[in-house]
Amino acid sequence: MADKSLHVMLMYVISHLGLIFFMYPGNVISSTEQGHWLPVLVGVVIHFIFITIYMKGLSYFPKKDIIRIYAGIGKGTAIFFIAPVFLYFSMILLITLRAYAEIITIVFLSNTPLWAIMLLLISISTYIAAKGVETIFRTGLLLSLLFLPIIIFIFFTSFQNVDWRYMVPLDADLGFIIKRTYLESFFAFSGGFLFLGFVQPYFSYDRKYVLWAAAFLIPFFLFSVYIPVLTFGQATSATTFLPYVVAVDAININWLMFDRVTMFFLLSLISFIMLYLALVSWKAIRILSHYLPSIKPVKLLLALSAAVYISCFFIPDWKDVEKLFWWNTFLRFYILIAVPFSIFFFGRRMKRKGKDETI
Amino acid sequence: MDRFINEIKAELGNNGDFHLQRDYLADAAVMLLGFNTLIDFIKTRVVLHKHAESILLQNQPSGDLWRAIGEVIEGDVRKAISSIYEGKLIIHFENTARFIIMEPVPAMLDRSIDSPTNENVIQGALDSFTEGIDTNIGMVRKLVNSDEIRIDSFTAGRSRKNKLSLLYIDGQADADLVNSIRDHIEKNIQIEACDLQGLAKMLGFPSWSAISKFNTTELPHHAVQNLKKGKVILFVDRLPFALILPNLLWDMFAVENDRNFPLPIMLAIRAIRIIGILITLITPGLYVALVSVNPEVLQIQLALSVAQSREGVPYPALVEIIFMLLILELILEASVRLPKSIGPTITMVGGIILGQAAVEAKLVSNLLIIILAATTIANSTIVGFQNSVSIRLFKYAIVLLAAIFGILGLVAGLVFVGAYLASLNTYGKSYLYLNLKGNESNGG
């Protein structure tokens with residue numbers, strides 16, 4: 001089996017980068033008044049703990065994806081774990097598509113109707129998903145070659161207007177943990193990691209590299225929150241809708257002939273989001289086609305995409321997107337906690353059983 | 001006249017170039033039969049007579065002579081006729097049913113080895129493949145000089161038999177790839193494969209793929225380097241180039257001849273080609289997006305100067321750019337069709353009249369002319385004509401998306417093109433591989 005650590009690593013970075021810079025900073029900034037490093041740190045630590053457990057658990061089942069792992073254990077387990085995962089994927093598709101289309105119309109393209117933007121996003125991601133997992137990962141490689149340099153360049157230039165004195169209130173309390181916005185910020189942590197359990201039948205990867213990729217993301221998590229704070233101060237940035245985007249909008253690079261660097265930054269991230277949507281649709285289709293083997297996966301994919309697209313029209317405005325986002329948070333924590341632990345638990349149990357049998 | 005001759009005459013007599021000549025070889029009266037367009041009769045007869053003389057001088061029986069000059073066959077008229085069609089000489093013994101199929105001195109129908117016409121080489125070997133398949137294989141053999149080269153030959157087609165040869169280096173080429181190609185050829189041996197579409201059909205490639213599965217080259221040196229890298233070469237008789245399989249993305253940027261330059265220069269040249277493909281894909285779309293959908297992205301002075309250059313142009317940017325791109329495609333296509341002596345005229349007409357006059361007549365903006373020139377020039381930096389044609393096609397998809405969605409459409413187009421390229425593969429070998437031999441995490 002091919003070792004594709006590089007691809008998995010890139011995909012991990014790409015799908016998280018697409019999620020970090022939009023809602024996450026706003027959520028964290030509004031969850032606490034000072035010492036933003038603590039909420040970020042708590043998130044990152046939880047993220048690390050769960051991916052480590054998840055990957056350790058998965059390593060007990062080489063060449064199996066989580067669908068087959070759960071299905072192998074029993075029908076009840078399958079329903080108990082896979083059904084929420086599928087629901088979660090559909091919710092992610094719906095929310096991401098709707099939310100990002102809204103962001104695109106807010107930041108630029110104010111004249112283009114929402115349905116056209118959503119149609120573009122969903123059709124491209126459906127196309128990629130239809131071509132299968134290898135294509136998704138290879139596209140990830142090409143896109144990261146094209147767009148990652150832009151993102152990193154703009155990320156560094158976003159320090160342009162930073163005033164380090166805003167950093168001063170360093171003390172923090174843990175009051176943020178129960179805040180709604182903080183819990184919502186886990187969107188950025190829990191969105192991307194599940195794919196590690198889906199690619200195993202196709203190719204293997206080194207767990208070390210995934211941890212490196214997660215470590216690579218830490219500065220992005222931290223500074224996506226801190227750059228708006230350092231640019232505008234906590235009080236101002238808490239009032240903005242997408243704080244990081246506004247902070248990037250304030251950058252001025254004379255030699256670049258473009259006035260709005262944000263545009264390129266956002267578009268690079270949106271290209272990653274298209275790929276992320278493709279990955280999530282692919283995962284959802286893997287689950288569906290496991291239980292409906294008689295229908296062609298492509299048909300299932302088209303049906304799913306159409307359903308997601310149509311459902312988007314039932315969300316009238318941003319308030320409802322936020323409501324959905326909040327509802328999804330419960331599901332998200334269920335997935336974040338239940339899936340890694342259960343895989344780990346089943347893996348341990350299977351290993352012990354295997355040992356007993358050999359004795 | 002005996003029956004044998006009559007039968008052949010009935011079949012071939014209405015061919016103007018069918019040649020029938022009486023002759024004496026050793027002590028036998030024979031008839032020489034063949035096409036004088038395929039056989040150099042005078043030289044062949046000289047060779048025959050010299051041969052006969054030397055045998056007779058050694059006092060050997062004439063039977064030895066017959067066996068020395070070719071295959072002696074009794075009776076089979078059909079075989080004689082098909083051999084004549086293949087360009088062989090038939091020596092028939094009068095009043096018997098015996099004949100000899102001889103390999104004659106062929107008439108010179110192939111051009112000699114020439115310098116390449118469609119690929120330019122700077123500081124490198126200047127020979128190129130010709131139409132004759134044997135010459136091409138010979139050139140490769142001369143360059144490889146190894147006992148590991150393998151050559152499989154096939155004759156394909158139903159009515160018109162065409163020769164195909166598959167070359168690879170044993171141990172270097174991927175066995176799965178070689179086997180799949182060979183299996184496909186053997187399975188579809190009756191398909192006429194004298195052009196690339198036929199060949200693609202024979203090898204089971206999808207016919208709607210925008211990127212050719214074959215990488216073509218005229219240069220033996222380039223072909224041999226690819227062989228050594230583990231790729232497979234396919235020669236088709238009457239096609240003056242080698243088909244390299246699989247075609248990879250990196251082949252758009254790299255030529256073997258680059259290695260004749262110092263390493264930093266080689267890297268710079270390849271970087272230029274990568275920039276070339278990006279400019280080709282992005283600039284027309286970017287123009288449309290910036291002019292018609294997202295002008296606020298530009299700094300205000302720049303936006304004003306763009307607007308000023310478009311002053312008086314009566315239609316939207318999309319129509320303007322499609323109109324000019326179409327004219328450019330026409331010029332390109334025309335300059336391929338035209339004889340070499342008229343080609344420069346067209347370039348001049350295109351350059352002066354279309355460039356200057358179109359701007360002055362306010363048909364298009366100044367800026368657009370610059371962008372189109374940049375696009376066309378950048379497009380030509382891509383290695384291989386086939387590759388540059390594919391990229392030319394993708395440009396239009398991006399322009400259309402950019403006209404609707406602005407810069408978002410441009411990015412979506414790039415993602416789409418990226419995904420399309422990523423989805424291509426040849427018998428399981430991804431289009432994005434960097435090299436075939438290295439470990440798999442190396443490329444795509």
Side-chain angles (χ1 to χ4, degrees), chain A residues 1-7 101 104-105 107-112 116-117 119-121 123-125 127-132 134-147 203 205-206 252-254 256-264 266-275 278, chain B residues 248-250 274-275 277-278 281-282 285-286 289-290 292-306 397-398 400-425 428-434 438-444:
Chain A
M1 196 162 51
D3 178 63
K4 297 250 178 178
S5 302
L6 176 75
H7 288 73
I104 290 169
T105 47
V107 183
F108 47 94
L109 284 188
S110 42
N111 296 328
T112 314
I117 295 173
L119 187 65
L120 179 74
L121 293 181
S123 46
I124 289 202
S125 61
Y127 171 77
I128 303 175
K131 295 277 183 181
E134 300 225 354
T135 301
I136 296 177
F137 277 72
R138 287 192 198 115
T139 313
L141 184 83
L142 276 184
L143 291 188
S144 53
L145 283 175
L146 276 176
F147 295 119
F203 32 76
Y205 52 88
D206 195 336
N252 184 22
I253 310 169
N254 270 329
L256 204 71
M257 58 186 200
F258 299 107
D259 202 25
R260 294 189 66 195
V261 191
T262 341
M263 194 83 135
F264 295 92
L266 289 183
L267 286 167
S268 307
L269 292 178
I270 281 163
S271 74
F272 292 171
I273 285 294
M274 289 181 209
L275 199 63
Chain B
L248 302 181
L249 180 68
W250 187 239
I274 294 175
I275 294 170
I277 190 173
L278 289 177
L281 287 176
I282 293 172
L286 194 65
L290 290 182
S292 59
V293 190
N294 300 111
E296 79 278 8
V297 183
L298 290 169
Q299 286 188 355
I300 185 73
Q301 298 92 330
L302 199 62
L304 285 176
S305 91
V306 169
I398 292 183
L400 284 178
L401 279 171
I404 305 171
F405 294 103
I407 300 192
L408 175 70
L410 181 77
V411 170
L414 283 177
V415 173
F416 174 74
V417 171
Y420 180 72
L421 295 181
S423 72
L424 294 173
N425 65 67
K429 292 269 173 286
S430 163
Y431 186 60
L432 299 187
Y433 271 105
L434 278 187
N439 69 41
E440 296 199 58
S441 63
N442 227 344

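Residue numbers begin at 1 in each chain, while the letters A, B, ... track the order of the sequences.
When heavy atoms are compared at a cutoff of 4.5 Å, A/Thr112 approaches chain B solely by way of its side chain, counted from C-beta outward. Looking at B/Leu302, the atoms closer than 4.5 Å to chain A (heavy atoms on both sides) all sit in the side chain, from C-beta outward. Within the 4.5 angstrom heavy-atom criterion, atoms from both the backbone and the side chain of A/Ala116 approach chain B. Both the backbone and the side chain of B/Val415 have a heavy atom closer than 4.5 Å to some heavy atom of chain A. Only the side chain of B/Leu278 comes within contact range of chain A, judged by heavy atoms closer than 4.5 Å. Contacts between B/Glu296 and chain A at a heavy-atom distance below 4.5 Å involve backbone atoms as well as side-chain atoms. Interface residue A/Ile253: only backbone heavy atoms are found under 4.5 Å from chain B. Of the atoms belonging to B/Leu290, it is side-chain heavy atoms, and not backbone ones, that fall under 4.5 Å from chain A.
Counting heavy-atom pairs closer than 4.5 Å to chain A, the top-ranked of the candidates B/Val411, B/Val297, B/Leu298, B/Asn294 is B/Val297. Among B/Tyr420, B/Phe416, B/Phe405, the residue with the largest count of heavy-atom pairs under 4.5 Å with chain A is B/Phe405. Comparing B/Gly418, B/Ala303, B/Ala419 by how many heavy-atom pairs each has under 4.5 Å with chain A, the most go to B/Ala419. For the set B/Ala422, B/Ala412, B/Gly409, the count of heavy-atom pairs under 4.5 angstrom toward chain A peaks at B/Ala422. Contact tally against chain B (heavy-atom pairs below 4.5 Å) for A/Ile104, A/Leu143, A/Thr135: the top residue is A/Thr135. In terms of heavy-atom pairs under 4.5 Å with chain B, the best-connected choice from A/Ile136, A/Leu146, A/Ile128, A/Leu120 is A/Leu120.
A heavy-atom distance below 4.5 Å is found between the side chains of B/Ser430 and A/Arg138.
Between A/Leu267 and B/Leu408, the shortest heavy-atom distance links the atoms CD2-CA, 3.5 Å. The minimum heavy-atom distance linking B/Leu414 with A/Phe147 is given by the pair CD1-CZ, 4.1 Å.
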